[in-house]
Amino acid sequence: CSRPRTSALAELLAYLARHLVDDPDAVRVDEEERDDAVVLRLHVAKDDVGKVIGRQGRIARALRAIVRAGGARQRRRLILEIAD
C-alpha cells in the first residue's frame, strides 16, 4: 500500500515546485528505486534551478525535510535530488 503514497508525495513536491518557479510547465518529478531508498528527482527549467534551491539552500532543505517526513511516515527512506 506504500506505492501510491510515494507518488502522492511526488505530486506534493511537484505542486510546491510549480509555485516556486517561473516556468511551472517544466516541473517534473521522477521516482526511482535505489537499494534501500526511493529517490525523487525534481526537474525544473534551467533558469529556475536557483529558485528551488533558494538562498543558501534554504528552500531545498525545506523540500528535503518534507520528503524525509513523508518517508518516515511510510517507514521508507526517501531522498530528494534536484536535477540540473
TODO: For the residue pair H43 and D30, establish whether any side-chain heavy-atom pair is separated by less than 4.5 Å.
DONE: yes
Task: Residue pair I82 / A60: nearest heavy atoms and the distance that separates them - done: CD1-CB, 3.8 Å
Open item on the list: So, using side-chain hydrogen bond (donor to acceptor under 3.5 Å, both in side chains) as the criterion, who are the partners of R68 when residues are at least two apart?
Closed with: none
Task: Minimum heavy-atom distance between E31 and S7, given as atom pair plus value - done: OE2-CA, 3.3 Å
Task: For the student: nearest non-hydrogen atoms of L20 and K51, plus distance - done: O-CD, 3.4 Å
TODO: Determine whether L9 and I59 fall in the same hydrophobic cluster, where Ile, Leu, Val, Met, Phe, Trp and Tyr are linked whenever their side-chain heavy atoms lie under 4.5 Å apart.
DONE: yes
- [ ] Please round to the nearest 0.5 Å and tell me the distance separating atom CD1 of I53 and atom CZ of R61.
- [x] 11.5 Å
Task: Contacts of type side-chain hydrogen bond (donor to acceptor under 3.5 Å, both in side chains), residue R41, not counting sequence neighbours - done: E32, E81
TODO: Inspect the contact between K46 and D48 and indicate whether a charged nitrogen and a carboxylate oxygen are less than 4.0 angstrom apart.
DONE: no
- [ ] Compare all side-chain heavy atoms of V38 with those of I79 and state whether any distance is below 4.5 angstrom.
- [x] no
- [ ] With sequence neighbours excluded, tell me which residues meet salt bridge (Lys or Arg N to Asp or Glu O under 4.0 Å) with D47.
- [x] none
Open item on the list: Which heavy atom of V27 sits nearest to which heavy atom of A14, and what is that distance?
Closed with: CG1-O, 3.8 Å
Task: Whether R64 side chain and L80 backbone form a donor-acceptor pair below 3.5 Å - done: yes
Open item on the list: Restricting to side-chain hydrogen bond (donor to acceptor under 3.5 Å, both in side chains), what partner residues turn up for D23, sequence neighbours left out?
Closed with: none
- [ ] Taking side chain to side chain contact (heavy atoms under 4.5 Å, CB included) as the test, write out the residues that go with A62, two or more places apart.
- [x] none
TODO: With sequence neighbours excluded, tell me which residues meet side-chain hydrogen bond (donor to acceptor under 3.5 Å, both in side chains) with D25.
DONE: none
Task: L40 versus A10, closest heavy-atom pair with distance - done: CD2-CB, 4.1 Å
Open item on the list: By the definition side-chain contact (heavy atoms from CB on, under 4.5 Å), identify the one residue from L78, I66, V29 that meets it with L13.
Closed with: V29
